[in-house]
Amino acid sequence: VQLQASGGGSVQAGGSLRLSCVRSGRTLSGYAVAWFRQAPGKERTFVAGISRSAVLTYYTDSVKGRVGISRDDAKNMVSLQMNSLEPEDTAAYYCAALPTASTRHLPRSPEEYRYWGQGTQVTVSS
């Protein structure tokens, strides 16, 4: 499973970015998908996740109200809309996928995800 993450960039505080995670040529419908981020010298942490069929969505507390995750299985894509960005959001963002039969299985630990895309850098300046 190859995942491609894109959409990162440099913005000023208060700006917006939309990250995309695409599985080339194959469906993501059988996968829970999550976004994680990792700042230099820090651990990789959960940002948001979406279960199969979008039954569940989870967000880390620091992004609630500012970030929305969605999926379009017809396009093999999961998107992360990030608004009101803060300097603390600066990190490399990674999408990850976990094959699962359950629409309610949505882990928040990076160790539980099997497939990873390359990072896309988000830099927010004050």
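The analysis underlying the following values was restricted to heavy atoms, covering all of them including side chains, and did not include hydrogens, waters or symmetry mates.
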Enter the distance from [X]:[atom1] to [Y]:[atom2] here, rounded to the nearest 0.5 Å.
{"X": "Gln12", "Y": "Ser126", "atom1": "CD", "atom2": "OG", "result": "9.0 Å"}
{"X": "Thr90", "Y": "Gln121", "atom1": "OG1", "atom2": "CD", "result": "7.0 Å"}
{"X": "Thr100", "Y": "Glu112", "atom1": "OG1", "atom2": "CD", "result": "10.5 Å"}

Would a single hydrophobic cluster contain both Ile50 and Tyr93, if residues Ile, Leu, Val, Met, Phe, Trp and Tyr are joined by side-chain heavy-atom contacts under 4.5 Å? yes
Val78 reachable from Phe46 in the ILVMFWY side-chain graph, under 4.5 Å edges: no
Compare all side-chain heavy atoms of [X] with those of [Y] and state whether any distance is below 4.5 angstrom.
{"X": "Leu17", "Y": "Leu85", "result": "yes"}
{"X": "Ser16", "Y": "Met82", "result": "no"}
{"X": "Leu98", "Y": "Pro107", "result": "yes"}
{"X": "Tyr94", "Y": "Pro110", "result": "no"}
{"X": "Cys21", "Y": "Trp35", "result": "yes"}
{"X": "Gln4", "Y": "Gln118", "result": "yes"}

In plain terms, say whether Arg66 and Asp89 are close enough for a salt bridge, that is, a side-chain N and a carboxylate O under 4.0 Å apart. yes
Ionic contact status for Asp73 with Arg71, cut-off 4.0 Å: yes
Residue list, side-chain contact (heavy atoms from CB on, under 4.5 Å) with Lys64, at least two apart or on another chain: Tyr59, Asp61
Does Arg104 offer a backbone N or O that forms a donor-acceptor pair with the side chain of Arg52 under 3.5 Å? no
I'd like to know if the side chain of Thr120 reaches the main chain of Gly8, judged simply by a donor and an acceptor atom lying under 3.5 Å from each other, with no hydrogens or angles considered. yes
Give a yes-or-no answer on whether the side chains of Ser29 and Thr27 include a donor-acceptor pair shorter than 3.5 Å. yes
Say whether Glu111 and Ser109, considering side chains only, have a donor N or O and an acceptor N or O under 3.5 Å apart. yes
Could you label the plane-to-plane angle of the Tyr115 and Tyr31 rings as parallel, tilted or perpendicular, counting under 30° as parallel and over 60° as perpendicular? perpendicular
